[in-house]
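Being a predicted model, the structure only gives us computed values, none of them experimental. Numbered from 1 within each chain, the chains take letters A, B, ... in sequence-line order.
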There are 2 protein chains.
Amino acid sequence: MPKQTFFNLPKEKRERIVMASIDEFAQYYYHKASISRIVKNAGIAKGSFYQYFEDKKDLFKFIVEKIGQRKMEYLGPEMSNIDKSDFFQVVRSMYISGIKFALENPRLQDIGNNFLKDNDMNLKEEILGETLPKSNEIFVALINKGIEKGELDSSIDVKLTANIITNLSIIVSDYFFNDAKGKDYVEIMPLVDKMLYILKNGIKG
Amino acid sequence: MPKQTFFNLPKEKRERIVMASIDEFAQYYYHKASISRIVKNAGIAKGSFYQYFEDKKDLFKFIVEKIGQRKMEYLGPEMSNIDKSDFFQVVRSMYISGIKFALENPRLQDIGNNFLKDNDMNLKEEILGETLPKSNEIFVALINKGIEKGELDSSIDVKLTANIITNLSIIVSDYFFNDAKGKDYVEIMPLVDKMLYILKNGIKG
DNA sequence: ATACAATATGACTATAAGGTCATATGACTT
DNA sequence: AAGTCATATGACCTTATAGTCATATTGTAT
């Protein structure tokens with residue numbers, strides 16, 4: 001957590017620091033990000049930075065939390081529909097919201113995705129704490145309900161399936177941004193639907 | 001490419017350097033790996049290192065190529081069966097061989113996986129060159145043949161499917177090592193089969 | 001005006017990185 | 001024994017990092 005001093009700062013200054021940090025982390029990710037560059041771009045003194053944050057990790061944690069909150073603004077509404085819609089509708093909305101978030105917040109998406117891919121388990125544990133498992137648990141619950149309702153094949157491995165669905169969401173947005181670049185928002189839906197078709201029916205002829 | 005000097009070295013010394021490098025990259029990955037630590041652990045002088053390699057990237061590229069070769073020793077035999085077996089048999093063998101490689105070469109697996117996840121596209125491009133797209137192309141060809149033979153649903157998006165299959169192979173071994181840790185070799189097959197079941201039939205009830 | 005606390009500052013420390021280079025060593029040739 | 005060449009060496013260079021700290025500035029309350 002940033003120190004109280006940081007929160008006492010005028011909003012404009014706080015935002016300058018946050019912006020400079022996001023720029024830095026988006027370009028250099030955590031390990032290669034430089035506090036010296038951040039303070040230079042934010043227009044504050046090095047010493048001031050350490051009046052606001054404990055250290056680099058403290059700042060990064062703050063930024064990652066901000067990203068999480070932002071993403072929740074996209075996913076939250078879809079998750080409240082969980083009980084009304086059927087399984088594939090919910091997954092579909094979540095994938096689309098995920099890509100929409102990525103489209104509208106490319107730098108945040110970049111930081112978040114890279115962080116999730118990072119192999120520094122200590123860092124991940126310290127920063128995500130108990131947040132990480134939660135995403136999977138949501139899908140586990142969703143899948144179990146889908147099975148009860150008969151929407152899903154009861155013979156699937158629930159945990160593995162939850163894992164696949166989580167990862168497919170990353171795959172579909174990576175695919176959208178890398179392999180199918182240049183496309184715009186309207187082209188998301190067909191891609192997501194193609195992926196969901198495979199998830200639903202498999203690829204067997 | 002390492003300099004000629006490196007290849008002139010006695011085998012024992014060369015292997016000491018390779019081992020120390022693998023240890024270093026497995027623990028610190030590319031960006032945080034330290035040449036100073038490598039030369040210390042290999043028992044050679046810093047100056048000597050630069051008689052053998054152009055720079056850090058040169059060494060890493062050499063190690064990544066070695067890993068690729070090693071992995072091909074596992075996957076190669078399966079790929080020669082491509083024409084005989086049916087689609088899902090081939091994919092199954094490749095997944096299993098992949099996990100077997102990971103089990104028997106955990107440090108190499110670690111370096112390779114982390115490198116593939118890395119977002120430093122420059123580094124990836126410089127090191128993989130044209131190797132990266134090839135993996136996907138193999139699956140594209142395989143899928144097209146599967147469709148021709150009627151083994152696969154002809155309405156699937158081939159490129160997307162190839163992408164999914166490539167990524168599922170990473171997912172299944174990550175899952176095996178992280179979420180299902182402690183399990184031993186015999187427990188791979190059911191896991192792979194569960195995943196293939198989903199790929200084949202989907203999860204719809 | 002004075003006193004006090006919060007904030008701002010940048011030179012500084014300590015550490016480590018990748019990479020260089022003049023010199024030393026040792027083996028093989030003549 | 002002299003000369004040549006590949007190899008070995010570690011002190012050294014530059015550059016960068018995260019983090020510290022004594023001092024200066026500012027705003028506020030009295």
Side-chain angles (χ1 to χ4, degrees), chain A residues 1-64 118 120 122-123 126-127, chain B residues 1-64 118 120 122-123 126-127:
Chain A
M1 264 259 288
K3 301 180 184 171
Q4 185 54 45
T5 319
F6 178 68
F7 296 108
N8 294 342
L9 250 34
K11 199 179 169 193
E12 182 274 329
K13 190 168 192 175
R14 235 165 34 213
E15 278 170 359
R16 241 166 51 220
I17 295 169
V18 168
M19 290 269 281
S21 304
I22 288 174
D23 284 347
E24 180 72 13
F25 286 128
Q27 195 170 356
Y28 298 100
Y29 306 107
Y30 179 74
H31 297 289
K32 292 182 80 184
S34 149
I35 302 295
S36 304
R37 265 194 305 255
I38 291 175
V39 300
K40 199 176 66 194
N41 292 328
I44 61 169
K46 189 83 160 276
S48 300
F49 177 87
Y50 287 94
Q51 306 257 37
Y52 309 147
F53 299 94
E54 296 291 344
D55 51 26
K56 187 178 172 179
K57 207 163 58 197
D58 189 28
L59 168 66
F60 189 62
K61 190 170 177 176
F62 177 68
I63 297 292
V64 167
D118 201 291
D120 186 337
N122 278 350
L123 181 72
E126 282 189 72
I127 287 186
Chain B
M1 262 258 287
K3 301 180 184 171
Q4 186 55 45
T5 319
F6 178 69
F7 296 107
N8 294 341
L9 251 33
K11 198 179 169 192
E12 182 274 329
K13 191 168 192 174
R14 235 166 32 214
E15 278 170 358
R16 242 166 50 219
I17 295 169
V18 168
M19 291 269 282
S21 304
I22 289 174
D23 283 348
E24 181 72 12
F25 286 128
Q27 195 170 356
Y28 299 99
Y29 306 106
Y30 179 73
H31 297 288
K32 291 182 82 183
S34 150
I35 302 295
S36 304
R37 264 195 306 256
I38 290 175
V39 300
K40 200 175 66 193
N41 292 329
I44 61 168
K46 187 85 156 276
S48 299
F49 176 86
Y50 286 93
Q51 305 259 35
Y52 309 147
F53 299 93
E54 295 292 342
D55 50 27
K56 187 179 174 180
K57 207 163 57 196
D58 190 29
L59 167 66
F60 189 61
K61 188 170 177 175
F62 177 69
I63 297 292
V64 167
D118 201 292
D120 186 337
N122 278 350
L123 181 72
E126 282 189 73
I127 286 186

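In 5' to 3' order, the nucleotides of DNA chain C bounding all contacts with chain B (an atom under 4.0 Å from a heavy atom) are C:dA17 to C:dC21.
Heavy-atom minimum distance, B:Phe7 versus B:Pro2: CE1-O, 3.6 Å. Closest approach of A:Ser21 to A:Ile38, counting heavy atoms only: OG-CG2, 3.7 Å.
Qualifying side-chain hydrogen bond (donor to acceptor under 3.5 Å, both in side chains) partners for B:Gln27, counting only residues two or more places apart in sequence or in other chains: none. Residues satisfying the salt bridge (Lys or Arg N to Asp or Glu O under 4.0 Å) criterion with B:Asp23, sequence neighbours excluded, are B:Arg107.
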Checklist entry - What is the per-nucleotide protein-contact pattern of nucleotides 11-20 of chain D, from the 5' end, where B denotes a base atom under 4.0 Å from a protein heavy atom, S denotes such proximity for sugar-phosphate atoms only, and - denotes neither? => result ------SBBB
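Shown for residues 11-30 of chain B: no residue has heavy atoms falling under 4.0 angstrom of DNA chain C.
Side-chain atoms of A:Glu24 do not come within 3.5 Å of backbone N or O of A:Ile35 as any donor-acceptor pair.
Counting only residues at least two apart or on different chains, the side-chain hydrogen bond (donor to acceptor under 3.5 Å, both in side chains) pairs with a member in residues 1-15 of chain A are A:Gln4-A:Asn8, A:Glu12-A:Arg16. Within the structure, the ring-ring contact (aromatic ring centres under 6.0 Å, His included) test picks out the following pairs touching residues 8-40 of chain A (sequence neighbours left out): A:Phe25-A:Phe60, A:Tyr30-A:Phe60. Within the structure, side-chain hydrogen bond (donor to acceptor under 3.5 Å, both in side chains) contacts touching residues 39-55 of chain A (residues at least two apart or in different chains) are A:Ser36-A:Lys46.
Ring geometry, A:Phe62 versus A:Phe6: the interplanar angle exceeds 60°, so the pair is classed perpendicular (tilted spans 30 to 60°).
Residue B:Tyr52 is classed as a sugar-phosphate contact, given heavy-atom separations below 4.0 Å to backbone atoms only. Across all strands shown, B:Thr5 has heavy atoms under 4.0 Å from sugar-phosphate atoms exclusively, and none from any base. Contact annotation for B:Phe6: no contact, since no heavy-atom pair falls under 4.0 Å across all strands.
For the pair A:Gln51 and B:Asn8, nearest-nucleotide mapping onto DNA chain D gives the more 5' position to B:Asn8.
One distance of note links CD1 of A:Ile63 with CG of A:Asp58; it measures 10.5 Å at 0.5 Å rounding.
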